[in-house]
Protein chains: 2
Amino acid sequence: MTSTDTTSAPGEVALLGRPTQQRATVLRALIDSEDFVSAQVLHARLIAAGNRVGLSTIYRTLTALAEAGLADTMRDSEGERHFRHRPGPDHRHYLRCRTCGRSVAVDSHLVERWAERIGATSGFTEISHTVELTGICADCTGPTAPAA
Amino acid sequence: MTSTDTTSAPGEVALLGRPTQQRATVLRALIDSEDFVSAQVLHARLIAAGNRVGLSTIYRTLTALAEAGLADTMRDSEGERHFRHRPGPDHRHYLRCRTCGRSVAVDSHLVERWAERIGATSGFTEISHTVELTGICADCTGPTAPAA
DNA sequence: CTAGTGATGAAAACCATTTCCATCTAGCGT
DNA sequence: ACGCTAGATGGAAATGGTTTTCATCACTAG
């Protein structure tokens with residue numbers, strides 16, 4: 001996996017418009033990250049790996065991916081956007097470790113239903129919600145070193 | 001209430017450090033807003049109302065207010081921070097209208113407990129959460145004009 | 001192969017937020 | 001009251017993520 005690998009991202013890229021090498025590369029990198037990444041970091045990684053991709057393209061692709069529902073987005077405490085590939089149609093909430101940054105998907109029926117109920121009782125319609133959970137994962141709580 | 005009114009914000013300002021006219025003014029304006037406002041908007045309002053307050057001071061005060069727990073903050077879809085005065089120690093989640101921008105506080109024990117439970121079952125500790133709900137309020141759903 | 005439309009990317013534009021720094025001021029000791 | 005000093009202020013400049021611009025390039029159709 002040196003750099004250019006058009007065969008990586010199956011048909012998903014097609015959903016965005018014209019299938020190009022860059023888009024495949026970005027999607028591929030996003031999938032490989034297996035976790036939230038910022039456009040900046042993703043860009044840095046691709047460049048470091050020897051790929052030629054412009055930052056603008058990363059932003060465009062990531063935004064398109066999110067709009068197409070192929071990626072989830074979240075904002076960190078500084079307001080920066082982070083993206084994560086969304087395998088299926090569900091999985092929308094994550095719990096992320098404040099120390100190592102890793103994140104895991106969590107079950108959220110309860111919240112979904114709560115959100116719906118709130119909508120029903122408040123007179124609001126077309127409710128949409130964003131839930132962000134952070135904590136310290138087991139590995140980082142360990143007796144020894146936290147974020148060594 | 002032309003402009004300078006040091007008596008507006010009771011003792012709350014004192015919690016921030018030295019009680020100054022500007023801080024009282026900012027807190028006052030935040031309270032009067034009764035809803036989320038961005039630093040920029042708050043600044044524009046104060047200037048328009050004839051008050052002399054620097055943007056930096058608004059940011060500093062708002063940030064301090066949030067850190068002191070006297071204000072709740074949220075980020076809009078563009079990543080901008082919005083602040084809202086927090087009357088008591090609770091009330092931490094809001095439902096805001098995407099059309100008119102108004103927001104109402106919602107009951108969230110359920111989510112709080114859900115968050116705790118997720119923490120317990122995932123091995124994460126020190127869980128903290130952010131929940132943002134948006135929808136279209138009754139007034140804006142009306143048969144006639146939405147955001148007139 | 002050629003044209004045409006969409007995609008790319010380097011650099012400039014944007015814009016909210018933060019930082020600098022010279023000036024001002026509230027609070028305190030005298 | 002008076003002057004001192006740490007803390008506060010605000011205009012301007014710096015930051016830094018994200019978006020736009022625009023000239024060039026690469027897919028796809030004909």
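Proteins get letters first, then strands, A, B, ... in listed order; numbering begins at 1 in each. The structure presented is a predicted model; accordingly, all values stated were derived computationally and were not measured. All values below were derived from every heavy atom in this structure, side-chain atoms included, with hydrogens, water molecules and symmetry-related copies excluded.
Contact of A:Ser56 with C:dA10 (side chain to base): a donor-acceptor pair of N or O atoms is detected under 3.5 Å. In terms of polar N and O atoms assigned as donor or acceptor, the side chain of B:Arg60 comes within less than 3.5 Å of the base of D:dG10 in a complementary pairing.
In this structure, A:Glu80 places its CD atom 12 Å from P of C:dT18, rounding to the nearest Å. One atom, CD of A:Glu78, and another, C1' of D:dT18, lie 15 Å apart when rounded to the nearest Å. If you take CG of B:Leu62 and C1' of D:dA8, they are 16 Å apart, rounded to a whole angstrom. Distance A:His43 NE2 to C:dG9 P: 8 Å, rounded to the nearest Å. Rounding to whole angstrom units, CD of residue A:Glu67 and C1' of D:dT19 are separated by 13 Å. Atom CD1 of A:Ile58 is separated from atom P of D:dG16 by 20 Å (rounded to the nearest Å). Rounded to an integer number of Å, the gap from B:Arg75 CZ to C:dA16 P is 13 Å. The CG-P distance, from A:Leu55 to C:dA10, rounds to 10 Å in whole Å.
Backbone-only contact: B:Arg52 has heavy atoms under 4.0 Å from sugar-phosphate atoms and none from a base. Backbone-only contact: A:Gln22 has heavy atoms under 4.0 Å from sugar-phosphate atoms and none from a base. Residue contacts shown for A:Gln40 include a base, since a base heavy atom lies under 4.0 Å away.
Taking the six-membered ring for Trp, A:His129 and A:His93 have ring centres closer than 6.0 Å.
A sub-4.0 Å separation between OP1 or OP2 of D:dT18 and a side-chain N or O of A:Thr63 is absent. At least one side-chain nitrogen or oxygen of A:Thr57 sits closer than 4.0 Å to the OP1 or OP2 atom of C:dG9. Checking the phosphate oxygens (OP1, OP2) of C:dA16, no side-chain nitrogen or oxygen of B:Arg81 falls inside 4.0 Å. Taking side-chain N and O atoms only, B:Tyr59 has a distance below 4.0 Å to OP1 or OP2 of C:dT17.
Relative to the side chain of B:Arg18, the nucleotides C:dG9, C:dG27, C:dT8 differ in distance, and C:dG27 lies closest.
Salt bridge absent: A:Asp72 and A:Arg84 never bring a charged side-chain N and a carboxylate O closer than 4.0 Å.
Within the 4.5 Å cutoff, side-chain heavy atoms of B:Val131 are placed close to those of A:Trp114.
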Open item on the list: For a side chain to side chain contact (heavy atoms under 4.5 Å, CB included) check, start with the C-alpha distance between B:Gln21 and B:Arg52, then their side-chain angles and the critical distance, and finish with the verdict.
Closed with: CA-CA 10 Å; B:Gln21 210 167 77; B:Arg52 291 191 94 275; over 6 Å; no
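Under 3.5 Å, the side chains of A:Arg81 and A:Thr73 contain no donor-acceptor pair of N or O atoms.
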